[in-house]
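Have a look at the structure below, then the notes.
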2 protein chains.
Amino acid sequence: MNDTKKIGRPRSFVEAEALEAAMNVFWAKGYDGTSMKDLTAAMGISGPSLYSTFGDKRGLYLKTIDLYADVDGCAPVVAYEAEPDITKAVRDFLTTVVTYSTQQEGGPKGCFLASCVATTVGEVEGVAERMESAIKATDQRLALKFEREVKLGNLPQDFPALHRGRLLNDLRQGYVHRSRAGWSAEALLEDLEDRVQMVLSWA
Amino acid sequence: MNDTKKIGRPRSFVEAEALEAAMNVFWAKGYDGTSMKDLTAAMGISGPSLYSTFGDKRGLYLKTIDLYADVDGCAPVVAYEAEPDITKAVRDFLTTVVTYSTQQEGGPKGCFLASCVATTVGEVEGVAERMESAIKATDQRLALKFEREVKLGNLPQDFPALHRGRLLNDLRQGYVHRSRAGWSAEALLEDLEDRVQMVLSWA
DNA sequence: TTGTTTATGTATCGATCACTATAAAAGTCA
DNA sequence: TGACTTTTATAGTGATCGATACATAAACAA
């Protein structure tokens, strides 16, 4: 679309690609563990280019968060929405959380938001607001399927869809937390079925 | 006990007090956000004294974690264990989590382990093991009361005590996560009662 | 006293951090 | 062509980081 010629020396990199490369570095090494040197190396651009395009380190970090939130390729949620059967969907969600959180030693682990960004909420200004809206968005997406099932008659009319959406999201955070501390996928999957039933139960 | 005279110039500070002061700094500012300057100022000792006594920054950090784990004055667990009625105990636990996580802007917030240490698990070597054993210990303490209630006949014989202990612990982590992102205590308390019932429910 | 041991205070160390001044390079305009 | 605009690469900036060298101070042992 915007292929109109502009005056001045053209960019030698694609902004979106550089942003994704930066996100992967933050994802793998954390915010504080990532230096500008790491970033310029991974993005394939020089310091001044980075600063003129993305502002400073914090600005770049926030932009990577926005990128992730916009695309939202968060695997567990995608798996959840793809499965028609609600019980299977809940199970798939939690299973995907566990597998994604426990694999990929060293590299990007789990969900960018839950595994990396969440740890910088109290530290980097601007993250908290993004985190809050991201959590709310996920709550809503998870609740949406419950609401559909209520309308279809597969769940009771007074089923607390939003509450259970939030619950599912919090269970995710619990799994991520435990996996960070070294829990194995096997150990995490142990009480998964109990929780699946619990999320869908309604007296 | 160990008040035997030792040769050499005596310490001008009490190790436990200095350690507690250091913990409060880490608690309030996070690991990366805390500089050695912050630490020496808060502990009232000089750099060389700090290094000769506690090793390096990481060593000091790990020692503060051990201190907290040994004392374990984690308010929610204490409140939980103090309340005889199991339903009230579960409610008190979660309520305490919410209130402690949302108050004290700027200063130490929530549980040291859940609010500060948890964010450094993937970053500081030695934290993961401590975090894992701390989580397991809390799981056990929470499950213990459920087991007692089972024996007393207040809960079904096949009630999954350990699973529900873990669940309660994970719900805590979810609340802490949300409070970090800016949730108000009021919003967090909204679906608390639903969860209290859920933790104790058994088909 | 003198020697030994340990802790303290001062004053810094080199390394690394996020960040930028400067000027050449690479494009569009006239 | 040559003025103009923007991005590039080089080479650093001062600040702050975690961690120490050194000499002094304060205890005990002889």
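Side chains included, hydrogens not; waters and symmetry mates left out as well; all remaining heavy atoms used. Residue numbers start from 1 in every chain, and the chains themselves are labelled A, B, ... in the order their sequence lines are given, proteins ahead of strands.
- Taking side-chain N and O atoms only, A/Tyr51 has no distance below 4.0 Å to OP1 or OP2 of C/dT20.
- Between the A/Arg58 side chain and the A/Val124 main chain, no donor and acceptor come within less than 3.5 Å of each other.
- Salt bridge absent: A/Glu149 and A/Lys145 never bring a charged side-chain N and a carboxylate O closer than 4.0 Å.
- Residues meeting the salt bridge (Lys or Arg N to Asp or Glu O under 4.0 Å) test with B/Glu20, sequence neighbours left out: none.
- For the segment residues 33-40 of chain B, residues with any heavy atom less than 4.0 angstrom from an atom of DNA chain D are, sorted by number, B/Thr34, B/Ser35, B/Met36.
- One can place CG of A/Asp56 at 16 Å from P of C/dC17, the figure rounded to the nearest angstrom.
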Side chains of residues 33-44 of chain A: which donor-acceptor pairs under 3.5 Å do they make with residues two or more places apart or in other chains?
unit_1: A/Thr34; atom_1: OG1; unit_2: A/Gly30; atom_2: O; d: 2.6
unit_1: A/Ser35; atom_1: OG; unit_2: A/Lys37; atom_2: N; d: 3.4
unit_1: A/Ser35; atom_1: OG; unit_2: A/Asp38; atom_2: N; d: 3.2
unit_1: A/Ser35; atom_1: OG; unit_2: A/Asp38; atom_2: OD2; d: 3.2
unit_1: A/Asp38; atom_1: OD2; unit_2: A/Lys29; atom_2: NZ; d: 3.3
unit_1: A/Asp38; atom_1: OD2; unit_2: A/Ser35; atom_2: N; d: 3.0
unit_1: A/Thr40; atom_1: OG1; unit_2: A/Met36; atom_2: O; d: 3.1
unit_1: A/Thr40; atom_1: OG1; unit_2: A/Lys37; atom_2: O; d: 3.0

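- Applying the ring pair (Phe, Tyr, Trp, His ring centres under 6.0 Å) test to pairs two or more places apart or on separate chains, none has a residue in residues 169-199 of chain B.
- Under the salt bridge (Lys or Arg N to Asp or Glu O under 4.0 Å) criterion, A/Glu123 pairs with no residue at all, not counting sequence neighbours.
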What's touching nucleotides 2-9 of chain D from the protein side, N or O pairs under 3.5 Å?
unit_1: D/dT6; atom_1: O2; unit_2: A/Arg9; atom_2: N; d: 3.1
unit_1: D/dT7; atom_1: O4'; unit_2: A/Arg9; atom_2: O; d: 3.2
unit_1: D/dT8; atom_1: OP1; unit_2: A/Ser12; atom_2: N; d: 2.9
unit_1: D/dT8; atom_1: OP1; unit_2: A/Ser12; atom_2: OG; d: 2.9
unit_1: D/dT8; atom_1: OP2; unit_2: A/Ser49; atom_2: OG; d: 2.7
unit_1: D/dT8; atom_1: O5'; unit_2: A/Ser49; atom_2: OG; d: 3.4
unit_1: D/dA9; atom_1: OP2; unit_2: A/Ser46; atom_2: OG; d: 3.0

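- Between A/Leu60 atom CG and C/dC19 atom P there is a gap of 10 Å when expressed in whole angstrom units.
- Rounded to a whole Å, the CG atom of B/Asp32 is 17 Å from the P atom of D/dT16.
- Classification of the A/Phe159-A/Trp202 ring pair by plane angle, with boundaries at 30° and 60°, yields perpendicular.
- Here D/dA19 presents its C1' atom at 20 Å from OH of B/Tyr61, a figure rounded to the nearest Å.
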